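These notes concern the structure reproduced below.
Below, chain A is the first sequence line, B the second, and so on; all start at residue 1. Note that the structure is a prediction, hence the values are computed from the model and not measured.
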Amino acid sequence: DQQVKQNSPSLSVQEGRISILNCDYTNSMFDYFLWYKKYPAEGPTFLISISSIKDKNEDGRFTVFLNKSAKHLSLHIVPSQPGDSAVYFCAASDSGAGSYQLTFGKGTKLSVIP
Amino acid sequence: SQTIHQWPATLVQPVGSPLSLECTVEGTSNPNLYWYRQAAGRGLQLLFYSVGIGQISSEVPQNLSASRPQDRQFILSSKKLLLSDSGFYLCAWAVGQGNIQYFGAGTRLSVL
């Protein structure tokens, strides 16, 4: 059973436009959510996170929105740049579980077209 | 600042051979340590995690094992590799109450 789902395996966006990456989760115990960016043959890099007590967190061009009632979060990148082309992973954790495990989605490959 | 080292970057091994991948973390104490695998076209699968020396939790039963001989050292091993062990192996660390995990550069393992 996949507890974190990224239903779009790929996304293409024109440079300068907004990129919206979506993520859904099923486990209501998840209370912390993260986005990672991964280039080929490299480890994932932490991008931005959000706690369940918030519904929005912003860091420069990156904004994460959380809709707890819908168990949905999204990552907005504005404006999109060619260097943003990578695979983006959504991850979630239940901080009460004590082991600080992250559950990852399968990723969405973003291509930003110059 | 904290850094994580993972080696080798690439490894080609025959079926049935042993495996040892090493991961070390610098600049922090008592980190949680993790081993993940990313198979081709798939997401990140947690294999093992450790919250202290000698303490290992396994998430997926398989022919792999992990050990934590020192506070900041995490080793992934196998006595006999299978073709299905091919993939991209990632080590990660985290500390304290934070849930953010920081990843190493990964090892590309090809079992032939």
Side-chain angles (χ1 to χ4, degrees), chain A residues 1-10 21 23-25 27 29-54 57 59 64 66 73 86-109, chain B residues 1-11 21 23 25 28 30-52 55-60 68 74 87-110:
Chain A
D1 178 34
Q2 201 176 346
Q3 298 186 68
V4 177
K5 300 178 183 179
Q6 294 178 254
N7 292 319
S8 298
S10 63
L21 297 99
C23 179
D24 298 293
Y25 62 97
N27 187 341
M29 297 301 292
F30 287 151
D31 58 0
Y32 196 75
F33 304 89
L34 309 89
W35 285 94
Y36 283 84
K37 176 181 179 180
K38 185 182 180 302
Y39 293 117
E42 294 184 10
T45 302
F46 169 71
L47 202 54
I48 192 169
S49 63
I50 188 167
S51 165
S52 60
I53 62 174
K54 295 184 176 181
N57 189 26
D59 184 2
V64 56
L66 175 63
L73 63 155
V87 176
Y88 289 80
F89 289 99
C90 171
S93 74
D94 170 7
S95 58
S99 61
Y100 315 125
Q101 294 185 60
L102 295 180
T103 301
F104 284 85
K106 291 189 175 182
T108 296
K109 184 177 181 180
Chain B
S1 63
Q2 300 91 349
T3 56
I4 180 169
H5 302 281
Q6 192 179 338
W7 66 92
T10 305
L11 190 60
L21 301 180
C23 172
V25 180
T28 186
N30 196 30
N32 294 333
L33 296 173
Y34 306 84
W35 278 111
Y36 288 87
R37 176 172 59 201
Q38 183 185 18
R42 306 185 71 175
L44 297 171
Q45 181 186 35
L46 179 63
L47 301 176
F48 302 94
Y49 68 93
S50 170
V51 298
Q55 189 281 333
I56 307 293
S57 296
S58 174
E59 290 298 301
V60 181
R68 184 170 178 174
F74 207 21
F88 192 53
Y89 288 83
L90 290 156
C91 181
W93 67 274
V95 291
Q97 296 298 316
N99 293 294
I100 302 173
Q101 293 181 16
Y102 299 94
F103 287 81
T107 295
R108 171 69 60 192
L109 173 65
S110 298

At a heavy-atom separation under 4.5 Å, does Ala41(A) approach chain B through its side chain, its backbone, both, or neither?
backbone
Rounded to the nearest 0.5 angstrom, the CD-CG distance for Gln101(B) and Leu33(B) is 10.0 Å
Side chain, backbone, both or neither of Leu102(A) within contact of chain B (heavy atoms, under 4.5 Å)
both
Tell me, out of Arg108(B), Gln38(B), Gln6(B), who's got the most heavy-atom pairs with chain A below 4.5 Å.
Gln38(B)
To the nearest 0.5 Å, how far apart are OG in Ser49(A) and CH2 in Trp35(A)?
13.0 Å
When only pairs under 4.5 Å are counted, which of Gly43(A), Gly107(A), Pro44(A), Pro9(A) shares the most heavy-atom pairs with chain B?
Pro44(A)
Looking only at heavy atoms, which two atoms of Phe30(A) and Val4(A) are closest? And how far apart?
CE1-CG2, 3.9 Å
Structural part of Leu46(B) lying under 4.5 Å from a heavy atom of chain A:
side chain
Smallest separation among heavy atoms of Leu47(A) and Asp59(A), with atom names:
O-OD2, 4.4 Å
Could you give the distance from CZ (Phe103(B)) to CD (Glu42(A)), rounded to the nearest 0.5 Å?
13.5 Å
Checking Lys38(A) against chain B: side chain, backbone, both or neither under 4.5 Å from a heavy atom?
side chain
